[in-house]
J.: 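Quick one: this structure, given as structure tokens, is what I'll be asking you about.
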Number of protein chains: 2
Amino acid sequence: MYTIGEVSKMFHLPISTLRYYDQQGLFPMITRKSGIRIFSDTEIEALRVIECLKKSGLEIKDIKSFMQWCIEGAASYQRRLELFQKQKKTVEEEIIQMQKVLDMLKFKCWYYETALKDGSEKNLKFLPNDLMPAEIKKAYFHSHEK
Amino acid sequence: MYTIGEVSKMFHLPISTLRYYDQQGLFPMITRKSGIRIFSDTEIEALRVIECLKKSGLEIKDIKSFMQWCIEGAASYQRRLELFQKQKKTVEEEIIQMQKVLDMLKFKCWYYETALKDGSEKNLKFLPNDLMPAEIKKAYFHSHEK
DNA sequence: ATATAACATAAACCTAACTTTAGGTCAAGT
DNA sequence: ACTTGACCTAAAGTTAGGTTTATGTTATAT
């Protein structure tokens, strides 16, 4: 059992954010003692799920729906599973996108390292050519494909 | 040489977004013919960099700064390199975060698949135990660590 | 010539996710 | 009793990144 201040420190989240989440219905089972919120294991696990679903791109209002489904019990297992499957797919695609972004950044790092050495990017303008290291060439084409 | 409508289709970006980017100073070298924007290879490559830097978490105003540096020539190679190095590190960390998120989602998928089979999550509440498949256990601990 | 499609601007509007403000309550220590 | 720190609410404010609206201009096809 934790106070809002303790949870704030545990998750490195401002107290105002936790109150905002509660207001948005993200802790539908939270209890209070003379007005003060008591965060139990339920809310702690909820917060882990909130962080996960947020990073997977889900909006607050859809996380609220999920939290409501949790109250419904076994009747919503299918819906909850489908949500996690959808977010899993989203994140898998997101990671593939980020690998491409990373390859573009690797190429640009190489580009400016070379420009700095050469004192000019004039030679680099005639790329891609055989002077490009194999790894950089791969990163370049990966990041520019489709 | 392309019109705004052609670029919009090429990048699957609304025309309004391209005009907004221009207004924010993301195409400092763009030319016009009787008021109409002409997108050349410079702006096409700029757009690729914009998408990359945006996905790496950079704000529009910082992308604007970068575009200004590009005009300065060799004097800004160092700064440009440092920016790409910083964003590369950011994205590498971001991908690691996303792997954790993915592991949480994998665990939750397994959890609800099992709950559906069992018709109840009662047995799952006593986890982690030896009934958890090795792969799921790994995902669970990875996503809950630190 | 004229219709229409694609371009232009400035300014207002929008949304999500918070954050801040102003004012008040509660619990613990001195 | 009283101060202090941690909690509370409702409502207004903030920020980023666009989008929409209203109005006007330019290019192209018939």
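In what follows, chains carry the letters A, B, and so on, assigned in the order in which the sequence lines appear, proteins first and then strands, with residues in each chain numbered from 1.
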J.: Without decimals, in angstroms, what is the distance between B:Lys9 NZ and C:dA5 P?
T.: 13 Å
J.: Whole Å only: how far is the CD1 atom of B:Ile15 from the C1' atom of C:dC7?
T.: 8 Å
J.: Would you call B:Lys138 and B:Glu135 a salt bridge, using N to O less than 4.0 angstrom?
T.: no
J.: What does B:Gln24 touch in the nucleic acid at a heavy-atom separation under 4.0 angstrom: a base, only the sugar-phosphate, or nothing?
T.: nothing
J.: Find the distance B:Lys61:NZ to D:dT15:P and express it as a whole number of Å.
T.: 11 Å
J.: Quick one: which protein N/O atoms are closer than 3.5 Å to N/O atoms of nucleotides 18-22 of chain D? Pair and distance per line, please.
T.:
{"residue": "D:dG18", "atom": "OP2", "partner": "B:Tyr21", "partner atom": "OH", "Å": "3.2"}
{"residue": "D:dG18", "atom": "OP2", "partner": "B:Lys54", "partner atom": "NZ", "Å": "2.8"}
{"residue": "D:dT19", "atom": "OP2", "partner": "B:Ser16", "partner atom": "OG", "Å": "3.2"}
{"residue": "D:dT19", "atom": "OP2", "partner": "B:Thr17", "partner atom": "OG1", "Å": "2.3"}

J.: Can you pull every protein N or O that's under 3.5 Å from an N or O on nucleotides 23-27 of chain C?
T.:
{"residue": "C:dA27", "atom": "OP1", "partner": "A:Ser34", "partner atom": "OG", "Å": "2.8"}

J.: I need the NZ-P distance between B:Lys64 and D:dG17, as an integer number of Å.
T.: 14 Å
J.: Between the side chains of A:Glu121 and B:Tyr77, does any donor sit under 3.5 Å from an acceptor?
T.: yes
J.: Inspect the contact between B:Asp22 and B:Arg32 and indicate whether a charged nitrogen and a carboxylate oxygen are less than 4.0 angstrom apart.
T.: yes
J.: Expressed in angstrom and rounded to an integer, what is the separation of B:Asp62 atom CG from D:dT15 atom C1'?
T.: 14 Å
J.: Can a donor-acceptor pair be found, under 3.5 Å and without considering hydrogens, that links the side chain of A:Thr114 to the backbone of A:Trp110?
T.: yes
J.: Under a 4.0 Å N-O cut-off, is there an ion pair linking B:Glu93 with B:Lys86?
T.: no
J.: Between P on D:dT15 and CG on B:Leu58, what's the gap in Å once rounded to a whole number?
T.: 19 Å
J.: I need the CZ-C1' distance between B:Arg19 and D:dG17, as an integer number of Å.
T.: 17 Å
J.: When you check the gap from the basic side-chain N to the acidic O, do A:Glu72 and A:Arg79 get nearer than 4.0 Å?
T.: yes
J.: Name the nucleic acid region contacted by A:Arg37, choosing base, sugar-phosphate or nothing; use a 4.0 angstrom heavy-atom cut-off, strictly under.
T.: sugar-phosphate
J.: Check for me whether B:Lys137 meets the cation-pi criterion with B:Tyr140, that is, NZ or CZ under 6.0 Å from the six-membered ring centre and within 45 degrees of the ring axis.
T.: no
J.: Between B:Trp69 and B:Arg80, is there a cation-pi geometry (under 6.0 Å to ring centre, at most 45° from the normal)?
T.: no
J.: Find the distance B:Met1:CE to C:dC7:P and express it as a whole number of Å.
T.: 17 Å
J.: Salt bridge between A:Glu92 and A:Lys88, side-chain N to carboxylate O under 4.0 Å?
T.: yes
